[in-house]
Amino acid sequence: MQLFIVFAVTLLCSLSVSAFTKKQLLEHELQVVSSPSLVLSMQNPPADIDNVFWLTLKARAAFFRGDIQAASSYFDVVKYNVQDAPLQLSSGYWFLYRAFFSIEQGDLDKAKQYINQARLSFTHNKATDFLIRTYAMEAVISVWREEYSFALKSLQSAQSYMSRGNSELDSITKLMVFDGLTAYYSTLKFYVKALGYAHQAQELASKHNNILDGLPVKYNLCLTLLRAQLIDKAELCYQQMYKLSEQHNLPRYQFWSLSGLGKIALSKKDFSKAISNLKAAQNTQHNAIINPAHIIVLHNNLAYAYSQVKQFDSALAQIVQSKSVLKSYHSPLNNRYARQTLKIEADVHQSKQDLPQTISTLRTYIKLLEDNTAQSQERLEHNAIGAAVFDRKDLQMRTPQQGNDYISSSFQRKDQELTKAYIIIGLLVTILLVVVVYYRQSRSNLTKVLHYKDLNTGLYNRRYFIEQFERITNNGLDYAMALIEFDTDNTNEYDRSLLSEKEVKFAAEQLSMQFRDDGDLVCRVSEREFVILCQGMKKPVLQKRLSVLQHFFTAQKQLHPINFSGALICSEEGDFGNIFAELESRLIHVKRTAHGQVVAF
C-alpha cells in the first residue's frame with residue numbers, strides 16, 4: 001500500500017512538473033519573440049530553462065537575423081540530446097523548428113520527418129498549443145512540396161483544435177495557423193482569403209510586439225499582394241519591410257524586400273530599377289539565404305531583366321548560375337524551376353537571334369513539360385517542333401557536304417552541270433527558309449497552348465481571361481460576367497469540394513455548349529471555378545441562362561448531381577481595379593448566404 005502511495009505521488013509530481021515546463025516554455029518564448037537579439041547576447045540560459053529549448057530559441061533568433069551558420073550550429077549542439085529523449089516537450093519544440101530550418105535548406109523530405117517527430121512528442125505530452133503549430137508547419141511543408149490536399153487536411157486539423165479551446169491558445173500559435181492559411185490560399189490564387197488571414201496574422205504580431213514571427217508574416221502579406229497584382233500596395237509593403245530590416249540589421253529580410261521591389265519593377269517594365277534592386281538583394285544574400293529555390297528565382301529574374309535591356313551575356317551568366325544550383329537541388333520542385341530557367345534561357349537566345357541554341361533549349365524545356373504533364377496534346381506539339389529541329393539540323397549537316405561535292409565536281413563536269421548545282425543549292429535554301437518559318441509558327445502555337453489553355457478541359461485559362469478582360473475594358477465594351485464554383489450535392493461542406501476531374505470536365509463541356517456565341521468567353525480560373533463573360537449582355541439575361549444550366553445539372557443522371565453557386569457583375573457597375581478580388585468576394589458571400597444559387601448584386 002505504501003509503495004502504491006509513493007508511486008501515485010511521484011506520478012502527480014511528474015505531471016505538475018510537465019505542466020510547469022509547458023508554461024515556462026511559453027513565457028520565455030514570448031519574451032524572446034519581442035527581442036530576438038537579447039537571446040543571442042546571453043551566454044547562459046536562465047536556471048529554469050531546459051538547455052534544448054534554450055538553444056532552439058537561439059537557433060530561431062540566429063535564423064531570423066540571417067546567420068544560417070550560427071542557426072545550424074545551435075540546432076546541432078543539442079541534436080544528440082534530442083535523439084536520446086525524443087518524446088520530451090523541449091525535443092518536440094526542437095523538431096518543430098528544425099523542420100522549418102530544413103525548408104530553408106531545401107530538404108523537404110527531412111522537414112517532413114522532423115514534423116512527424118514533433119507531432120509524436122506533443123501528442124505524448126498532450127501539448128495542444130504546440131500540436132496546432134505542428135499542423136500549421138506541416139501545411140507549409142506540404143505547400144512547398146505541392147501536396148495541396150495534405151496541406152488542406154493539416155490546416156483543417158489545426159483549425160479543429162483551435163475551435164475547441166480558442167480562448168486558451170497563445171498568440172504565437174494562432175499566428176502560425178493564420179500564416180499557414182495565408183501561404184496555402186495565396187499559392188492556390190485565392191487572394192481574398194489569403195489577404196484576410198495575412199492581415200489577421202499581422203494584427204496578432206503587432207498587438208504582442210512579436211518581431212520574430214511578425215516579419216515572416218509581413219513577407220507573406222507582401223508576396224500575396226504582389227501575386228494579386230495589387231502593385232502599389234505590394235510596393236508599400238516591401239518598402240516598410242525594407243525599413244524594418246535596415247533598422248534591426250536583418251540581412252534576410254533585406255533580401256526579401258529588395259527581391260520583392262525588383263519583381264515590382266519588372267511588372268512595371270522599369271528594368272534598370274529591377275536590375276538595381278535585384279543586384280542589391282544578391283549582395284545581401286551571402287549566408288542569409290541558402291534555399292536553392294529562392295536563389296534560382298533571383299538569378300532568373302535578373303536574367304530576364306538583363307535580357308530586356310539587351311545585356312544578353314549578363315543574362316546568360318545568370319542562367320548558368322541557376323543551372324549550377326539546380327544540379328544539387330533534389331526536390332519535387334526541381335522540375336518547375338528547371339522549366340522556368342529554360343524558358344527564360346530560350347527567350348534570351350531568341351532575342352539574340354541565335355536560332356540553333358533557341359531550338360536546343362526549347363527541346364529540353366519541352367521534354368520537362370512532357371515529364372510533368374504527360375498530356376497527349378502537348379506531346380503532339382512537342383513532336384512537331386522536334387521534327388522541325390531534326391529537319392533543320394539535317395539540312396545543316398548536308399549542305400556543307402553538298403558544297404564540297406559541288407567544288408570537286410566543278411573541275412570535272414561541264415557548264416550545264418554547274419547550273420544544275422546552283423539550282424539544287426537554291427532549292428535547299430528555300431527548304432531551309434520553310435523550316436525556319438514552320439518552326440516559328442509551331443513555337444507560336446505551342447506558346448499559345450501552354451500559356452492560354454487549361455489542358456484538362458480545353459478551356460482558356462486565367463491568364464487568357466485577364467488579357468481579354470483588359471482588352472474589353474480598354475475598348476469600353478459593355479459586358480455581363482459571372483464567377484461560378486461547382487460542387488456536389490453532398491451535405492457535408494468538405495465532401496462538396498471533392499469534385500472529380502471527370503465531373504469538372506463534364507461541367508466544362510456543358511458550359512462550352514451553353515456559351516458559344518462570338519461574344520461569349522468561358523475560362524477555367526481555378527480547380528472548380530469558371531468565369532463566363534458575355535459581351536453586349538445584361539445581367540438578368542446571363543442570370544437566366546445560368547438558371548437554365550442549373551436545372552440541367554440537377555436533372556442529369558450521368559454523374560452525381562452537380563451544383564454551382566455564382567456571383568454576377570457587369571460593366572455598368574464601374575471599374576473595381578482587381579476584378580478577381582471583387583468576384584471572389586461576392587462569390588464567398590453567395591456561398592455563405594445563398595449556396596447553390598446565382599446572385600446578381
Residue pair [X] / [Y], side-chain heavy-atom distance below 4.5 Å:
X      : Y      : answer
Cys237 : Leu221 : yes
Leu244 : Tyr253 : no
Phe255 : Leu298 : yes
Asn125 : Leu131 : no
Glu529 : Phe190 : yes
Leu155 : Tyr135 : no
Glu235 : Leu225 : no
Gln318 : Asn300 : no

Taking [X] first and then [Y], would you say they form a salt bridge - that is, a charged N and a carboxylate O separated by under 4.0 Å?
X      : Y      : value
Glu147 : Lys153 : no
Lys112 : Glu138 : no
Lys174 : Asp129 : no
Arg252 : Asp67  : no
Asp213 : Arg60  : yes

Between the side chains of [X] and [Y], does any donor sit under 3.5 Å from an acceptor?
X      : Y      : answer
Ser526 : Arg462 : no
Glu29  : Tyr93  : yes
Tyr97  : Arg133 : yes
Arg98  : Ser102 : yes
Gln254 : Thr284 : no
Asn81  : Asn51  : no
Asp170 : Thr173 : yes

Shortest non-hydrogen contact between [X] and [Y], atoms and distance:
X      : Y      : value
Tyr184 : Val143 : CA-CG2, 4.0 Å
Ser90  : Val52  : O-CG1, 3.6 Å
Ala305 : Ala274 : CB-CB, 4.5 Å
Ile141 : Ala111 : CD1-O, 3.6 Å
Val325 : Pro292 : CG1-CB, 3.7 Å
Ser91  : Pro86  : CB-O, 3.6 Å

Report the distance from atom [atom1] of [X] to atom [atom2] of [Y], rounding to the nearest 0.5 Å.
X      : Y      : atom1 : atom2 : value
Gln69  : Phe63  : CD    : CZ    : 13.5 Å
Asp454 : Arg463 : CG    : CZ    : 12.0 Å
Leu266 : Leu226 : CG    : CG    : 10.0 Å
Gln285 : Ile295 : CD    : CD1   : 4.5 Å
Ser257 : Leu215 : OG    : CG    : 9.5 Å
Asp76  : Leu55  : CG    : CG    : 11.0 Å

Is the number of heavy atoms from other residues, nucleotides or ligands under 6.0 Å of [X] [atom1] greater than 12?
X      : atom1 : result
Phe100 : CZ    : no
Phe150 : CZ    : no
Gln83  : CD    : yes

Does the pair Glu345 and Lys323 meet the rule for a side-chain contact (heavy atoms from CB on, under 4.5 Å), with working shown? CA-CA 10 Å; Glu345 183 183 16; Lys323 288 183 174 181; 2.8 Å; yes

Give me each pair satisfying side-chain hydrogen bond (donor to acceptor under 3.5 Å, both in side chains) with a member in residues 193-208, each pair once, sequence neighbours excluded.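 Residue pairs with at least one partner in residues 193-208: there are none.
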
Is there a donor-acceptor contact under 3.5 Å from the side chain of [X] to the main chain of [Y]?
X      : Y      : answer
Ser72  : Ile68  : no
Trp144 : Leu108 : no
Ser585 : Glu582 : no
Asn461 : Val525 : no
Thr123 : Arg119 : yes
Lys58  : Met42  : yes
Ser121 : Gln117 : no

Take Asp109 and Arg145, measure what side-chain contact (heavy atoms from CB on, under 4.5 Å) needs, and give me the verdict at the end. CA-CA 9 Å; Asp109 292 335; Arg145 292 169 62 92; 2.6 Å; yes

Do Lys110's NZ or CZ and the ring of Tyr114 fall within the cation-pi criteria of under 6.0 Å and 45°?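 Satisfied, under 6.0 Å and within 45°.
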
Do Phe580 and Phe465 have ring centres separated by under 6.0 Å? yes

Do the ring centers of Tyr185 and Tyr191 come within less than 6.0 Å of each other? no

Pair Thr182, Asn220 - check side-chain hydrogen bond (donor to acceptor under 3.5 Å, both in side chains), show working. CA-CA 7 Å; Thr182 299; Asn220 267 342; 5.8 Å; no

Lys279/Leu302 under side-chain contact (heavy atoms from CB on, under 4.5 Å): CA gap, chis, key distance, verdict: CA-CA 8 Å; Lys279 287 181 71 175; Leu302 262 173; 3.9 Å; yes

Using 30° and 60° as the class boundaries, would you call the ring planes of Trp256 and Tyr219 parallel, tilted or perpendicular?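 Trp256 vs Tyr219 ring planes: tilted.
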
Apply salt bridge (charged side-chain N to carboxylate O under 4.0 Å, His left out) to residues Glu584 and Lys189 and explain how you reach the verdict. CA-CA 11 Å; Glu584 287 183 343; Lys189 302 180 181 180; over 6 Å; no

Applying side-chain contact (heavy atoms from CB on, under 4.5 Å) to Ile344 and Ser307, what does each step give before you reach the verdict? CA-CA 9 Å; Ile344 294 173; Ser307 69; 5.6 Å; no

